[in-house]
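Please read the structure below before turning to the comments.
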Amino acid sequence: MTVSYTHLSHTAGWVGGLMRLLFLWKGSLFKQVWPDFLFFFGVYFLLSALYRLILVEYEDSKVAYELFCVYCEKFSKVIPISFLLGFYVTQVVSRWWSQFMTLPWPDTLARYLAVYMPGTDQKSRNYRRTICRWVNLGNVLALRLVSYKVMVRFPTYEHLVESGLATHREMIQLKQMDDLVVNKHQITWFPNMWAQNLLRKARREGLVENDWFSHVLIKEVDSMANMNGMLICYGWISIPLVYTQVVTLAVYAYFVACLFGRQYLLPTQYRSEGDMFIPVCDFPTVSNWTGTRMPGAVNIVGYDNDVADFYIPIFTILEYLFYMGWLKVAETLLNPFGEDDDDFDTYYLIDRNLQVSYIMSDEAGLPVDPEMDPFDFSNAPELKHTNLSAQFLDDERPHMPTDNLNLTAEQTNIASSTSLRSSKLNVNIGSKINLAGSILATPVTVRRRSSEGTAGVKSVYLEVPNGAPGMSVTAPKHQATTDISQVNNTASVQDSQLGISTPTSTRKNVNSSPLSSRNDRMLFSVHQNESYAGPEKPEIWQDFGIE
């Protein structure tokens with residue numbers, strides 16, 4: 001069952017507010033690591049006692065053991081344990097939360113059923129409850145494949161019948177489907193298909209008012225089936241085994257090296273005389289450090305003489321709790337459908353989904369008549385506080401970054417001059433925007449005529465009544481006006497309307513896009529030129545690909 005502790009950390013005002021969480025046992029760090037912890041430090045202190053009680057009597061063996069301990073301490077630092085563990089745990093936590101968000105909830109479907117398939121008659125109520133039962137059955141079938149706890153609760157289809165999630169006839173259909181796929185594929189989608197077919201039948205019988213309501217209900221059932229499939233994919237595809245092995249090997253190899261590398265050693269102190277090292281004293285003791293340390297004396301194994309013998313490796317214990325606890329987090333969250341303290345409450349989810357979906361679907365027949373407004377139709381009603389909640393009124397209005405901004409009267413005056421460059425830039429941009437707006441918003445008249453100097457070649461031009469500044473315009477000679485909808489007709493029909501005969505080989509397909517698309521093409525294909533100042537009514541030519 002998931003361990004919730006937020007009720008113990010609702011405020012950070014206490015000294016060491018989160019320290020009290022360290023005294024929780026269920027789901028805690030200490031509960032996760034204590035077997036490994038006892039084993040590791042049991043071996044650690046056993047090696048320490050062997051060294052202090054036996055090896056100190058044999059100098060050669062003592063020196064060999066000390067050299068190996070120094071070697072382990074030096075090269076254990078090359079293991080990138082922080083990087084490996086950090087990245088791995090990040091991936092595991094992200095996957096763990098994604099699995100929780102994939103859990104299907106029948107609440108939305110049950111509410112839709114209550115609204116879109118109303119009715120207090122026996123048939124409507126039975127249809128709603130059957131659909132809710134079937135979608136919950138599909139969810140249980142999916143959870144049986146990924147959760148050990150759910151599988152031991154419903155090990156066979158007969159147990160589903162005993163619990164009421166399935167009937168005897170439905171159990172036979174499920175077994176027949178298993179035989180059809182030779183037990184190679186999951187069939188969690190099968191009950192959802194029953195629910196979709198029942199919704200289609202309800203629509204034919206008029207229990208669902210229209211096709212859209214039926215579509216919404218069928219899509220919601222399909223969404224739950226897809227989420228069941230995602231749960232099965234999470235149980236099927238895990239984080240690559242090699243990555244899990246690398247991280248586990250790195251952590252345990254590191255602490256095996258720490259068993260020797262973090263030992264407190266008592267190397268014999270030597271002094272160099274000529275070409276030889278002469279032993280002069282034992283390693284200094286903590287109780288009389290200044291009195292037992294010999295000036296100029298060194299050890300020959302490379303051990304740090306400044307590290308005193310404190311017997312208990314305090315920081316090694318902390319390091320073990322941090323790194324091993326980090327690894328235990330990954331082990332716990334790697335499969336959230338297991339039996340750990342922080343795994344998902346699958347039993348509760350199954351019971352809750354079935355009960356809540358039944359309650360919601362039955363709400364369709366209950367009266368919901370509105371009562372008088374308790375706020376007496378106030379436009380800005382305020383809710384009342386208790387004496388305790390009134391102490392937290394400091395958050396009744398959010399504080400915005402500019403709330404305390406104070407400007408003087410001089411600072412708020414409108415500036416009288418602006419940059420010349422910015423003015424020109426604004427004028428250029430504004431003229432182009434105005435040009436685009438003028439062309440796209442101006443009513444367009446489409447005309448056709450034969451181009452001068454080109455026999456048999458036809459053009460379509462647009463007449464803009466008020467002209468457009470900055471565009472090259474031409475006053476046409478032919479005034480045969482046609483309606484704008486005729487542009488989308490074929491070239492042969494337009495020729496017959498205008499009385500123009502054109503060879504078929506010179507005709508192209510007419511673009512049948514909407515008028516807005518033609519205006520867009522006209523805008524981006526016409527070259528900008530001097531403003532037209534002629535006396536005649538200006539017209540803008542635009543070829544639409546008609547020859």
Side-chain angles (χ1 to χ4, degrees), residues 1-10 18 20-34 89 91-111 132-157 159-160 162-166 186 188 191-192 220-221 223-239 325 327-361:
M1 181 176 180
T2 303
V3 179
S4 178
Y5 57 87
T6 52
H7 62 285
L8 299 176
S9 58
H10 59 87
L18 296 181
R20 51 182 166 176
L21 301 181
L22 299 178
F23 298 98
L24 299 179
W25 177 251
K26 185 176 182 179
S28 66
L29 165 67
F30 308 106
K31 183 178 179 180
Q32 296 293 330
V33 305
W34 74 264
V89 173
Q91 297 299 317
V92 171
V93 171
S94 176
R95 189 174 185 271
W96 165 77
W97 183 247
S98 298
Q99 290 182 78
F100 180 77
M101 298 304 294
T102 307
L103 289 172
W105 302 84
D107 302 40
T108 303
L109 174 63
R111 292 195 301 268
C132 291
R133 181 173 60 83
W134 279 342
V135 296
N136 281 281
L137 174 60
N139 185 24
V140 171
L141 291 178
L143 290 174
R144 287 174 72 246
L145 300 177
V146 298
S147 174
Y148 174 80
K149 291 170 59 178
V150 178
M151 178 57 80
V152 298
R153 183 178 180 182
F154 306 106
T156 64
Y157 290 140
H159 290 81
L160 294 174
E162 284 291 326
S163 65
L165 272 175
Q186 56 89 12
T188 61
N192 294 79
E220 192 62 33
V221 173
S223 175
M224 292 195 64
N226 292 335
M227 297 182 80
N228 288 333
M230 286 298 299
L231 282 179
I232 296 173
C233 289
Y234 276 116
W236 173 29
I237 305 298
S238 303
I239 293 178
L327 182 63
K328 291 299 180 180
V329 168
E331 291 181 6
T332 301
L333 303 184
L334 195 60
N335 179 17
F337 296 100
E339 307 85 58
D340 295 322
D341 290 337
D342 276 306
D343 285 341
F344 298 153
D345 305 326
T346 51
Y347 289 171
Y348 168 78
L349 288 173
I350 292 173
D351 296 335
R352 180 261 175 207
N353 287 345
L354 181 65
Q355 296 171 8
V356 171
S357 60
Y358 268 45
I359 293 173
M360 286 183 174
S361 62

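This structure is a prediction, so every number in the text was calculated from the model and none was measured. Numbers here simply count residues along the sequence, with the first being 1. All values below were derived from every heavy atom in this structure, side-chain atoms included, with hydrogens, water molecules and symmetry-related copies excluded.
- To the nearest 0.5 Å, atom CG of residue N228 and atom CG of residue L143 are 7.5 Å apart.
- At distances below 3.5 Å, at least one donor-acceptor pair connects side-chain atoms of S163 with backbone N or O atoms of L160.
- Contact annotation: the side chain of N136 never approaches that of I350 to less than 4.5 Å [non-hydrogen atoms, C-beta and beyond].
- Looking only at distances, no side-chain donor or acceptor of N353 sits under 3.5 Å from a matching main-chain atom of P106.
- Summarising the local packing, CD of E162 is surrounded by 12 or fewer heavy atoms from other residues, nucleotides or ligands at distances under 6.0 Å.
- Minimum interatomic distance between L22 and F30 (heavy atoms only, all atoms of both residues): O-CE1, 3.5 Å.
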May I have the step-by-step check of salt bridge (Lys or Arg N to Asp or Glu O under 4.0 Å) for R352 and D107, ending in yes or no?
CA-CA 10 Å; R352 180 261 175 207; D107 302 40; 2.6 Å; yes
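- The distance from the CG atom of L349 to the CH2 atom of W105 is 5.0 Å, given to the nearest 0.5 Å.
- Pairing each heavy atom of R95 with each of L334, the nearest pair is NH1-O, 3.6 Å.
- Closest approach of F154 to R144, counting heavy atoms only: O-NE, 2.6 Å.
- In terms of heavy atoms, Y157 sits closest to L141 at CE2-CD2, 3.9 Å.
- Counting all heavy atoms, side chain and backbone alike, N192 lies closest to G138 at OD1-CA, 4.1 Å.
- Panel note: side chain S357, backbone A110; no donor-acceptor pair is recorded below 3.5 Å.
- One N or O on the side chain of S28 and one on the backbone of W25 form a donor-acceptor pair closer than 3.5 Å.
- Side chains of Y234 and V146 form no contact here, defined as non-hydrogen atoms less than 4.5 Å apart.
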